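To start, the structure itself, in structure tokens.
Only this structure's heavy atoms are used, side chains among them; waters, hydrogens and symmetry mates stay out. This structure is a prediction, so every number in the text was calculated from the model and none was measured.
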Amino acid sequence: MNKISKIAIFVINILLCSCVALETGFLMYGWGIGVKILCYGLAAVGLVFGIVVFVLDKQALLKTCFLAMACACVIITVIAALSNLAHLNDYPTDAEKIERLTDIIRSTGEWGMLVFVLIQILQVVILPLPAVVCYVPGSRIWGPLTATLLASAGVLAGSLIAYAIGRFFGKRAAEWIAGKEAVDKYAKYIGNKGKVIFLLMQILPFFPDDILCIVAGLTAMNFPFFLATMLLVRPIIIALYCYLGTGSIIPFSGWGIPVWIAIFAVCVVLAVLSFKYQDRIEKWLVSKFRKKNKDEEKNKDE
């Protein structure tokens, strides 16, 4: 990314953050204070995060922030439009509005499911949407089992597309999507002997799954192993999000409230630590397994 492109993305990100804040103030007037605070907070986080990564020259993260705010702007626009078209503002509480939105989406039948699958494909290939945003709404609409199956199909398809981008379009395409720094780093990590490391990176929350899929296509990692890893790991993680997101395992009331607060606090801490110490965590993980592999090879020689 050249300097002009970087500045352009930064400026557009600021405009998108402003758009989210303005849409919240003028178009989401019928929604409760909790939803508005969430939207305003999202705009503020996007603005601050965009400024930080721009100053630190983290180009891949700047692209991620830009795409995330673009998605947020589109989602809020759609919700605001439905609030008027479907008369959601006639419902007094946010819970009733959300239930009405759920009924509308559920009434679309197979088309709604198809859109849900397409969102999962896009979030792997180009859209940096959080897992909660991608999976939990589906579980609330169609139930955890159906949502798990649909999301797994979409994520698997998106992972295969990402792998194909790296395999058939080469390093230049991968660098355009993920950034040169990220591609070089992860290609070095999961090179010829990084299968175990790749598997662990897919499980642990510190690593960018989408970038890893693209980089895997650049390396000597064979397709059967890549496919097996996706089939083994992704559905389990997706099912965890979907079943927790329904509130059937940990309820959103009573004893579940302090548990969810604790889970949220832990997630925030892990997110901060992963952002601050990601390089150290990656290097420690890689060094441990490379040392183990060397010891095993040494024992074989002896």
Side-chain angles (χ1 to χ4, degrees), residues 16-47 68-117 119-120 123 127 129-148 150-151 238-268 271:
L16 288 171
C17 293
S18 302
C19 182
V20 168
L22 290 172
E23 284 184 325
T24 302
F26 291 100
L27 300 180
M28 301 288 286
Y29 53 86
W31 290 78
I33 188 66
V35 173
K36 291 180 180 178
I37 290 175
L38 179 63
C39 294
Y40 283 128
L42 183 62
V45 170
L47 180 62
M69 294 312 302
C71 291
C73 194
V74 170
I75 291 171
I76 292 176
T77 300
V78 171
I79 292 176
L82 286 174
S83 295
N84 291 317
L85 295 175
H87 306 290
L88 295 184
N89 292 330
D90 293 342
Y91 297 87
T93 66
D94 289 346
E96 290 176 308
K97 289 183 177 70
I98 293 172
E99 187 61 33
R100 175 55 183 155
L101 269 176
T102 300
D103 291 338
I104 293 172
I105 297 172
R106 192 182 291 123
S107 67
T108 60
E110 294 179 355
W111 286 105
M113 292 183 178
L114 178 61
V115 171
F116 182 68
V117 172
I119 290 173
Q120 311 314 315
Q123 69 96 1
L127 299 180
L129 296 176
V132 174
V133 174
C134 292
Y135 307 144
V136 172
S139 67
R140 301 284 292 180
I141 296 170
W142 296 292
L145 178 58
T146 301
T148 298
L150 292 172
I238 291 171
L240 183 64
Y241 277 106
C242 289
Y243 278 90
L244 286 175
T246 60
S248 57
I249 298 177
I250 302 176
F252 297 115
S253 60
W255 65 268
I257 294 178
V259 175
W260 279 114
I261 292 174
I263 291 174
F264 179 76
V266 170
C267 290
V268 170

Please give me the minimum heavy-atom distance between Trp31 and Ser83, naming the atom from each residue. NE1-OG, 3.1 Å
Quick one: closest heavy-atom pair of Leu47 and Cys17, and the distance? N-SG, 3.3 Å
List the atom of Val20, the atom of Cys39, and the distance in Å for their closest heavy-atom pair. CG1-O, 3.7 Å
Could you state the interatomic distance from CG (Leu88) to CD1 (Ile79), rounded to the nearest 0.5 Å? 9.0 Å
Just how far is it from atom OG1 of Thr24 to atom CD1 of Ile76, taken to the nearest 0.5 Å? 4.0 Å
For Thr148 and Tyr135, what are the C-alpha separation, side-chain angles and deciding distance, and is it a side-chain contact (heavy atoms from CB on, under 4.5 Å)? CA-CA 8 Å; Thr148 298; Tyr135 307 144; over 6 Å; no
Partner residues of Trp142 under the ring-ring contact (aromatic ring centres under 6.0 Å, His included) criterion, sequence neighbours left out: Phe116
Nearest heavy-atom approach of Ala147 to Gly138 is CB-C, 3.4 Å
Between Asp103 and Arg100, does at least one N-O distance fall below 4.0 Å, as a salt bridge requires? no
Would you check if Gln120 and Gln123 make a side-chain contact, meaning some heavy-atom pair closer than 4.5 Å? yes
Nearest heavy atoms of Ala21 and Tyr40, plus distance in Å: O-CE2, 3.4 Å
Distance col, row Arg106:CZ vs Glu99:CD, nearest 0.5 angstrom, shows 6.5 Å
Just how far is it from atom CG of Leu150 to atom CD1 of Ile238, taken to the nearest 0.5 Å? 10.5 Å
The test is side-chain contact (heavy atoms from CB on, under 4.5 Å); show your working for Leu38 and Leu42 and say whether it passes. CA-CA 6 Å; Leu38 179 63; Leu42 183 62; 5.8 Å; no
So, the side chain of Lys97 versus the backbone of Tyr91: is there a donor-acceptor pair under 3.5 Å, distance only? yes
